[in-house]
Amino acid sequence: MFLNLIKDVIKTLGEHGDEKYIKESEHADLTTTIAFKIAKERKVSPQEVADEIVAKITPRGYIGGAESVNGYINFFANYEFLEDTIEVILKDENYGSIGASGKVLIEHTSANPDGPLHIGHIRNSVIGDTLARIFRKAGFDVTTHYYINDMGRQMAITVLGVERFGLKDKKPDHAIAEAYISANRLLESNPELEKEVEELMLKYENFDRETERKFKEAIEKAMAGIKATMERINVNHDEFVWESDFIKNGYVDKILGFLESKGLIKKERAWIIELEGFDKEVVIKRENGTSLYVTRDLAYHLWKSEKFERIINVWGADHKLYGAQLLKLLDILGIKKPEIVFFEFVSLPEGRMSTRRGKFISADELIEKVKEEAKKIIVNRGFSEEEIDKISEAVAIGAIRFDFLKVAPEKPMVFDMNKALDFERQTASYIQYTYSRACSIMRKCDEEVEFSPELCEKTERDLVIILAKMPYYIYKVVNEARPNIFAEYMLHLASKFNEFYRDYPVLKAEGEIKKNRIAIVAAVSKVLRIGLELMGIQAIERM
RNA sequence: GGGCCCGUGGCUCAGCCAGGACAGAGCGACGGCCUUCUAAGCCGUAGAUCCCGGGUUCAAAUCCCGGCGGGUCCGCCA
């Protein structure tokens with residue numbers, strides 16, 4: 001809805017209607033700073049220009065009025081806009097869609113199957129999964145991928161570890177991690193075992209059946225655990241793609257042929273490509289004839305480009321240089337390039353995490369701890385055991401997801417367990433609580449719903465405007481791939497509703513006023529529910 | 001050493017791309033609000049050299065240059 005308001009402002013402004021200079025404002029529903037730009041060119045005061053523009057324009061569509069203040073041109077929505085907003089929200093189950101279309105691939109998480117997901121992976125999952133949810137809502141046909149790096153050195157070491165130390169009887173991904181960590185220790189004190197690792201890798205790439213069986217078994221164990229964790233935090237993948245598939249299906253050969261035909265490959269002993277603008281050359285085939293990660297990844301991207309219109313990868317910032325090289329190579333080959341969403345590392349107060357060294361906080365551990373803390377809060381509220389478990393699980397998962405989601409991807413994070421467990425600062429439960437407050441009102445009334453914009457007080461009007469903005473934020477996330485701004489939006493909405501809740505009684509109101517407020521509460525609860533769902537956070541009706 | 005990212009009240013963050021209306025939230029501190037729709041809520045007070053120094057501009061947290069601090073990358077690893 002808000003997007004329509006922006007369109008109407010652009011129409012109203014005519015030749016001065018540039019989206020870049022149209023902004024949200026605390027002084028108006030929308031404002032433009034275009035007069036400042038024009039004033040600069042003409043060397044006159046912005047106020048003059050703004051006055052001049054306002055005098056000329058005729059408000060169109062949803063624009064109820066325009067004013068010139070200090071060089072800003074402010075726009076206000078009319079009653080019709082408010083009315084249509086509530087109507088659309090109450091009627092449209094798919095509120096938030098912006099009518100986008102096309103096939104989009106989002107690859108995220110893709111953690112090596114050598115242990116459980118840790119809190120760094122969670123950041124990737126949460127960003128990726130939330131983007132997927134929001135893109136879907138926008139209207140895109142989204143497919144999500146988890147790319148399983150089954151061909152790496154770390155997998156060979158894992159297999160070695162499983163062979164030497166076996167697997168303990170615990171959650172399979174944790175058991176795998178233990179074997180992997182032990183194998184790394186063993187390797188450190190016995191460097192001669194390197195040969196064994198190399199041999200495993202070589203055999204795997206050459207499809208030695210027995211080796212394949214061992215790898216597959218270890219990987220599937222790890223993935224079973226990883227999948228269980230992801231399911232718990234509401235992270236879904238449509239497909240799990242194995243790196244080795246791209247050797248088997250011929251795409252690696254295809255990409256090598258492509259590169260060769262472009263005359264890019266320098267065949268020394270290994271196959272090397274020199275890339276303009278990069279210090280180091282890229283090796284795409286080892287001396288022993290095997291492929292490298294980048295080779296298979298190029299093949300994967302060729303495959304992606306054939307099937308999808310838009311490709312998004314969610315990667316850790318440590319892959320930035322690699323990503324730039326990949327994009328450059330794809331560019332040279334004329335293959336559709338992915339958009340890469342980089343996120344900075346999550347570290348612990350004592351330093352960076354490492355699965356190999358066993359220095360990490362697993363997602364499972366975090367979930368359990370946060371859940372215990374959440375339970376403490378509701379244990380004396382008269383809920384049944386079952387309800388307590390359900391609510392604390394929903395609250396814990398919400399808290400974890402929101403904690404990662406609300407921080408801009410480019411910000412490095414230092415994870416603090418005490419803060420993760422502090423429910424005073426948990427903003428997800430604030431939104432969930434706000435939703436259950438709205439639900440509580442809805443449960444207690446069965447009156448008619450009838451929205452009357454002219455009856456709205458300031459807070460109520462503000463609230464409706466915020467409701468109207470949800471599709472606009474979806475539009476922004478889809479364009480900027482920054483899901484944190486959606487989290488911000490949801491907080492803003494919840495906060496405004498709580499203000500309304502305090503000042504405007506619903507059940508005690510009468511007549512038209514009551515019907516009007518019920519309409520507002522109904523719309524708010526719906527938008528909160530949809531918004532929470534988009535963040536992968538459960539909307540709970542009682543807490 | 002070079003590339004990239006980050007540096008905003010005591011703490012955690014938003015705002016920076018497309019410069020403009022008093023730099024916004026939350027936590028923490030202090031003070032208030034439950035015979036009234038769930039107080040996991042609300043209101044108020046205190047608290048900011050927007051890392052530092054230059055520059056561009058009528059106007060800089062935002063753009064440019066130079067520093068400082070932290071992170072990260074620079075494998076015939078993935």
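The figures here come from the full heavy-atom set of this structure, side chains too, leaving out hydrogens, waters and symmetry mates. The model shown is predicted, which means the values in this text are computed figures rather than measured ones. First the proteins, then the strands, lettered A, B, ... as listed; each starts at 1.
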Taking the nucleotide of RNA chain B with the nearest heavy atom to each, does A:Glu268 or A:Ala408 sit closer to the 5' end?
A:Ala408
Interatomic distance at P, B:G7 relative to B:C17, whole Å
14 Å
Would you sort out whether A:Ile284 and A:Ile265 count as a side chain to side chain contact (heavy atoms under 4.5 Å, CB included), showing the intermediate values?
CA-CA 9 Å; A:Ile284 54 160; A:Ile265 303 176; 3.7 Å; yes
Euclidean distance for P, B:G67 against B:G2 (whole angstrom):
9 Å
Expressed in angstrom and rounded to an integer, what is the separation of A:Leu491 atom CG from B:G41 atom C1'?
14 Å
C1' gap between B:G41 and B:U49, integer Å
36 Å
Taking donor-acceptor contacts at under 3.5 Å, does the side chain of A:Arg296 reach the base of B:A78?
no
Choosing from B:A78, B:U72, B:C6, which nucleotide comes nearest the side chain of A:Asp318?
B:U72
Please confirm whether A:Tyr300 and A:Tyr147 have ring centers closer than 6.0 angstrom.
yes
Distance only, no hydrogens: is a donor on one side chain within 3.5 Å (strictly under) of an acceptor on the other, for A:Asn184 and A:Glu188?
no
Strictly by Watson-Crick or wobble contacts shorter than 3.5 Å, is anything paired with B:C27, and which nucleotide is it?
B:G10
Rounding to an integer number of Å, can you tell me how far A:His492 NE2 sits from B:G26 P?
11 Å
Could you tell me the separation between the CD1 atom of A:Ile157 and the P atom of B:A78, rounded to a whole number of Å?
11 Å
Closest to the A:Asp422 side chain, choosing from B:A78, B:G7, B:C27
B:C27
Report the base-pairing partner of B:A46 (Watson-Crick or G-U wobble, both distances below 3.5 angstrom), or none.
none
Could you tell me whether A:Tyr472 and A:Tyr489 have their ring centroids closer than 6.0 angstrom?
no
Can you tell which of B:A78, B:G41, B:U72 lies closest to the side chain of A:Tyr433?
B:G41
Side-chain N,O (A:Tyr501) to OP1/OP2 (B:A39) below 4.0 Å
yes
If you look only at pairs with a residue in residues 16-26 of chain A, which of them pass as a salt bridge (Lys or Arg N to Asp or Glu O under 4.0 Å), with sequence neighbours excluded?
A:Glu24-A:Lys469
Indicate, with a heavy-atom threshold strictly under 4.0 Å, whether A:Glu541 touches base, sugar-phosphate, or nothing.
base
How would you label the contact of A:Tyr504 with the nucleic acid (heavy atoms, under 4.0 Å): base, sugar-phosphate, or nothing?
base
No-hydrogen, no-angle side-chain donor-acceptor test under 3.5 Å, A:Arg437 and A:Asn498:
yes
Separation of B:C5 atom P from A:Trp315 atom CH2, nearest Å, is 18 Å
Distance, C1' atom - from B:A39 to B:C34, rounded to whole angstrom
7 Å
Assign each of A:Met201 and A:Pro409 to its nearest nucleotide of RNA chain B by heavy atoms, then name whichever residue's nucleotide is nearer the 5' end.
A:Pro409
Can you measure A:Tyr293 atom OH to B:A78 atom P for me and round it to whole angstrom units?
9 Å
OP1 or OP2 of B:A14 under 4.0 Å from side-chain N/O of A:Tyr473
no
Between A:Ala66 and A:Val54, the two heavy atoms sitting closest are O-CG1, 4.1 Å
Would you check if the distance from the ring center of A:Phe486 to the ring center of A:Tyr473 is below 6.0 Å?
no
Aromatic ring pairing A:Phe215/A:Tyr204, orientation class (parallel under 30°, perpendicular over 60°, tilted between)
parallel
Write down the distance separating the P atoms in B:A46 and B:U8, rounded off to the nearest Å.
23 Å
I'd like the C1' distance from B:U72 over to B:A29, given in whole Å.
36 Å
Counting only Watson-Crick pairs (N1-N3 plus N6-O4 or O6-N4) and G-U wobbles (N1-O2, O6-N3), all under 3.5 Å, who is the partner of B:C77?
none
Would you say B:A39 has OP1 or OP2 under 4.0 Å from some side-chain N or O of A:Arg381?
no
What nucleic acid atoms does A:Met543 come within less than 4.0 Å of, heavy atoms only: base, sugar-phosphate, or nothing?
base
Of the options B:C74, B:C42, B:U12, whose atoms approach the side-chain atoms of A:Lys419 most closely?
B:U12
Value in whole Å for how far the P atom of B:C77 lies from CD of A:Glu205
11 Å
Paired to B:A18 by Watson-Crick or G-U wobble criteria (both distances under 3.5 Å) is none
I want to know whether A:Trp242 and A:His145 have ring centres closer than 6.0 Å.
no
I'd like the C1' distance from B:C6 over to B:C52, given in whole Å.
16 Å
So, is A:Arg356 near the phosphate of B:A78, with a side-chain N or O under 4.0 Å from OP1 or OP2?
no
With respect to the side chain of A:Val407, which nucleotide from B:C77, B:A14, B:C6 is positioned closest?
B:A14
With a cut-off of less than 4.0 Å, is there a side-chain N or O of A:Arg482 near OP1 or OP2 of B:G15?
yes
Any non-hydrogen side-chain atom of A:Val197 less than 4.5 Å from a side-chain atom of A:Arg153?
yes
Just compare B:C37, B:C5, B:C13 and give me whichever is closest to any side-chain atom of A:Lys411.
B:C13
For nucleotides 18-24 of chain B, read 5' to 3', which letter fits each nucleotide if B means a protein heavy atom sits under 4.0 Å from the base, S means only the sugar-phosphate is that close, and - means neither?
BBBBB--
Return the value, rounded to whole Å, for the distance between atom CG of A:Asp279 and atom P of B:C74.
12 Å
May I ask which nucleotide in the shown strands pairs with B:C63, Watson-Crick or G-U wobble, both distances under 3.5 Å?
B:G55
Just checking A:Glu410: base, sugar-phosphate only, or nothing, at a heavy-atom cut-off of under 4.0 Å?
sugar-phosphate
For the pair made of CZ in A:Phe402 and C1' in B:A14, what is the distance, rounded to whole Å?
11 Å
So, is B:C34 syn or anti if syn means the angle is within 90° of 0?
syn
Provide the distance between the two P atoms, one in B:C16 and one in B:C63, to the nearest whole Å.
10 Å
Report yes if at least one side-chain N or O of A:Arg502 is closer than 4.0 Å to OP1 or OP2 of B:A39; otherwise report no.
no
Report the relative orientation of the aromatic rings in A:Trp315 and A:Tyr322; use parallel for angles under 30°, tilted for 30 to 60°, perpendicular for over 60°.
tilted
For A:Phe342, answer base if it contacts any base atom (sugar-phosphate contacts may also be present), sugar-phosphate if it contacts only those atoms, and nothing otherwise; contact means non-hydrogen atoms under 4.0 Å.
nothing
Scan every strand shown for a Watson-Crick or G-U wobble partner of B:G41, both distances under 3.5 Å, and answer none if you come up empty.
B:C33
Which base sits across from B:C4 as a Watson-Crick or G-U pair, both distances under 3.5 Å?
B:G71
